[in-house]
Every structure is written in C-alpha cells, then in structure tokens.
Amino acid sequence: MASLTSVPGLDRLLARELERFEREHPRSLELSRRARGSLLGGVPMHWMVRWAGGFPVFATEAHGARFRDVDGLEYVDFCLGDTGAMTGHSPEPTVRALQERAGQGITLMLPSEDALWVGEELARRFGLPRWQFALTATDANRFAIRLARAITGRPKVLVYNWCYHGTVDESFATLDGGRVVEREGSIGPPVDPALTTRVVEWNDPEALDRELAYCDVACVLAEPALTNIGIVLPEPGYHERLRELTRKHGTLLVIDETHTFCAGPGGYTGAHGLEPDLLTIGKAIASGIPAAAYGFSAEVADAVERTITDELADVGGIGGTLAANVLSLAAMHATLAEVLTETAFARMIALGERFEAGVQSAIDRHELPWHVTRLGCRVEYLFRPERPRTGAEAAAGAHAELDRFVHLYALNRGILLTPFHNMALMSPATTEEDVDQHTAVFGDATAELATARLP
Ligand SMILES: Cc1ncc(COP(=O)(O)O)c(C=O)c1O
C-alpha cells in the first residue's frame, strides 16, 4: 500500500476536507462527543468508528435513496446500510406490512403463513427447494457450516483468501505464504484457524483441488464473486470447476448471496444457473429488518432431517429464539413480493451501468491507473489499473488515504459511499439524477487529484 508521503498533495487535500467536514457538522460532532460517555468507542456498533470524517454523521431520517442528518444536510445514499437497505430506505410495501403485522404479534415461536410464501418464493428464485430462517447472514452461515459438518462428518471449512462472511470464526483466516493464519484484526479467535479452515485464492482451481483432496473439508463457503475486498469476479469456467471439484471430493458447496443478491432477483445463482448444495442470504432480504435465510438442495435437506433429532432440536446449535419471528417474515414477504422485483432489478442494474460509465469516463479523462467493476447494481472502484484475479491482488491495491479522501470529498458534497469500500449500490428509489450527481462529484475529485499529480 502506498503511504501518504508517496502521494504528493493528498495530505493537504485531506486536511482541507476534514476541516470542512468538522465545520459543517457541529451537531454530529457534539453528539459524538457525548456518545463517548455511554458507548464503547463513542458508537453503537464498533465498525462506525471507521467513518472518514473522524466522527460519524448522525442521521435523523431516511427515505428512498436519501437521508438527512442532525445538521440539516441531505445526502444521496449509495451506501444503503452496506446493502441492508438495498431496497431503498423504508419502502412503502414493507412499512405497510410491518404496520399491519406489528399490532398482531411480533414473535411467537409459531409459524405464520408468510413463512410458506417466502420459502416458496426463495425456492423459485434460487432453485433450492427447502429453507430455514435466521436473523443475520452471519448466523445463516454459521448454521450452514454446522449442518455441513453434521452430515459429512468432516471438520473443516474452505474459504477464499480475503473473503468476508460475517463474524464466522472459521472465516477469519488468510494465507501467508501458503500458510493459513489469523486474519489481521481478528479479535479473540477461539483456536488457531489452521485447525478449522483451509484457504485458497479465488480463481485458482488447482489450489482448490489440492486442498479438497485432503477429504477433511465439510463445505466450501463462497461468495459467487468476492465483494468484500473490492469486487473480484469469477473467471470464465471457474464456477463449473468449483462445482465439479466439490462433487469429486465429497464436499458441500455453500454459496453466500448476501451481497451478490445485487446481480438479480435470484442473485448470482439465479442469473448464472449455479447449483449450490446450500445457499445463504441476509441483509436486504427484509428491507433492513433483521432477517436471513438458508436453503438446501433436496439431498441435503433429507440428510439433515436424518441427522438431527427432533427431541433435541432446541439445543443443537442452529436456530434462535427470535429467528423466523413473524415480523421479519412479514417484512421478507413484502420485500420479495413488492420491492426487490424483476422490474426493480432491471432499473437498478441500468443505473449501475450508468454509474460505472460515469466513473470510467473520469478515470479515462485523467488517465488514472484505476479501474471500476460492476456486479448487477453494485459498483466499486479500486486504485489499481487491472481488475484483480484474486483476493490477495485486490488487497494489494488498497490505498487507505485515497479511500478516505474520496469518501470524505463525496460526503462533503452530499454523497454517502459505503465505508470500507469505494462501493455504491443502486436501490429501486435511486434516480439517474442521483447517479449523475456522483459522476460530477467524482469527476471534480479526480480533477483535483490529477492536478496534484497523484498516482
Ligand atoms: C458476503 C457476506 N456474508 C455475510 C455477511 C454478514 O452479514 P451480517 O453482518 O448482516 O450478519 C456479510 C456482511 O458484510 C457479507 O458481506
């Protein structure tokens, strides 16, 4: 990663933007100071310490693709709750369903009819016949892993270098010269991740074959394209090899669609005809109300039903008291029936193309050694000239100070990008004008950087 000193002029630009941010957000600054008294790190969830301005913007209300803050400023939101609000904020059908449902019971430990509709709809979209529900994608992944271990009798999980699947212990592992090590920043790992996890690079079928040949891997847990270290798309033929090799070695394939739902109504799986054994999804599926789902092929569902005992179902390590609560199911029903529809995706993906073209035009105009990648309605730019093939290549292209500058420059001009990424998501409520506003602001930022002769 290049350091600040190797990027002439960036420290000056960053200082200017930080000063502007602080000046224009006095109320957020005041609240963030007060928050230090009662909240760890001054934030309600620790990731929020990573906002580019040094303190987070405190929001008052959000509708569609926009939100307002406590200082009265309005923003176009391309972060959309880091995918949780890919539906747009508070979409009317979901709000209506929540209002109707909330007055008639929120959680019952009993099924509602919504669960059946949602299960049938998920089967139609993703091609897997049977489903269960959880509250977060992290939990859906945890439960999928436990079930994969239970039915294969194998201990390990295989993940990709620089993946992210939520706070799943087994996935906090990276490669260091071919060795599996703790991912930098992993807090309190229960055991050495080399004991639980095999790690390979994305788009490397030979490594996958070699690691699965130990025949101790219960499941591969994979996003169908990496999305948490920039977007790293699969090369042609990679998914066919992944499926072939997992079958050859008796390993189950778990596809995590939590972010790649952006590829279409059935996620990447639906758009590209993947055939996973299990599939997990969370975040946007209930418009931001906590909800997640995990689905099984008929073979896996039968094997699970043969393996787990009804008498001990409540202590088996999958499920949870509030999982499949009737309120979450009502929100999922409304979201799938009326918000994230085929028509909505067609619009969102067209907006993604427009956003991508806008970014590309600025990169071309200033001959910047950067690139932009899109997956459906999700667009991300990385500060390296070529598209990465692997997580390690993408990680090597990270540039913390440029990231911070671009985020802050956008925020100061009314645009919220997704933190930890240079990522933008289009919702059903996003407009062409919103996208063009980003194009103009990104064009100004790159012009300033080019003038400063930055890399
Ligand atoms: C691919 C993927 N899976 C799972 C998760 C976990 O989602 P949650 O934090 O809502 O549990 C994330 C979160 O970013 C993710 O990117």
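Please read all numbers here as calculations on a predicted model, not as lab measurements. Numbers for residues simply follow the sequence, beginning at 1. Every number for a ligand or one of its atoms is a count from 1 in the order of the listing.
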Kindly determine whether Arg149 and Val157 satisfy side chain to side chain contact (heavy atoms under 4.5 Å, CB included), including the steps that lead there.
-> CA-CA 9 Å; Arg149 284 188 170 130; Val157 173; 4.0 Å; yes
Is it true that [X] and [Y] have a side-chain N and a carboxylate O under 4.0 angstrom from each other?
| X | Y | result |
| --- | --- | --- |
| Asp302 | Arg130 | yes |
| Glu401 | Arg404 | no |
| Glu244 | Lys248 | no |

For [atom], closest protein heavy-atom neighbour:
| atom | value |
| --- | --- |
| atom 7 (O) of ligand 1 | Ala137 CB, 3.4 Å |
| atom 9 (O) of ligand 1 | Thr138 OG1, 3.8 Å |
| atom 3 (N) of ligand 1 | Asp256 OD2, 2.6 Å |
| atom 14 (O) of ligand 1 | Lys283 NZ, 2.7 Å |

Pick whichever of Ala140, Ala222, Gly166, Gly282 has a heavy atom sitting closest to atom 6 (C) of ligand 1.
->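 That would be Gly166.
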Using a strict cut-off of 4.0 Å, indicate which atoms of ligand 1 neighbour a heavy atom of [X].
| X | answer |
| --- | --- |
| Asn228 | 1 (C), 15 (C), 16 (O) |
| Asn141 | 3 (N), 4 (C) |
| Glu223 | 1 (C) |
| Thr136 | 11 (O) |
| Thr258 | 2 (C), 3 (N), 4 (C) |

Should the pair His25 and Tyr75 be assigned to parallel (<30°), tilted (30 to 60°) or perpendicular (>60°) ring geometry?
-> parallel
Residue set satisfying side-chain hydrogen bond (donor to acceptor under 3.5 Å, both in side chains) with Arg142, at least two apart, ordered chain then number -> Asp139
Given the options Asn422, Leu382, Val359, Val372 meets side-chain contact (heavy atoms from CB on, under 4.5 Å) only with Val359
Minimal heavy-atom distance between Leu80 and Ser427, with the atoms involved, is CD1-CB, 3.7 Å
Is Asp82 in polar range of ligand 1, meaning some N or O pair under 3.5 Å apart?
-> no
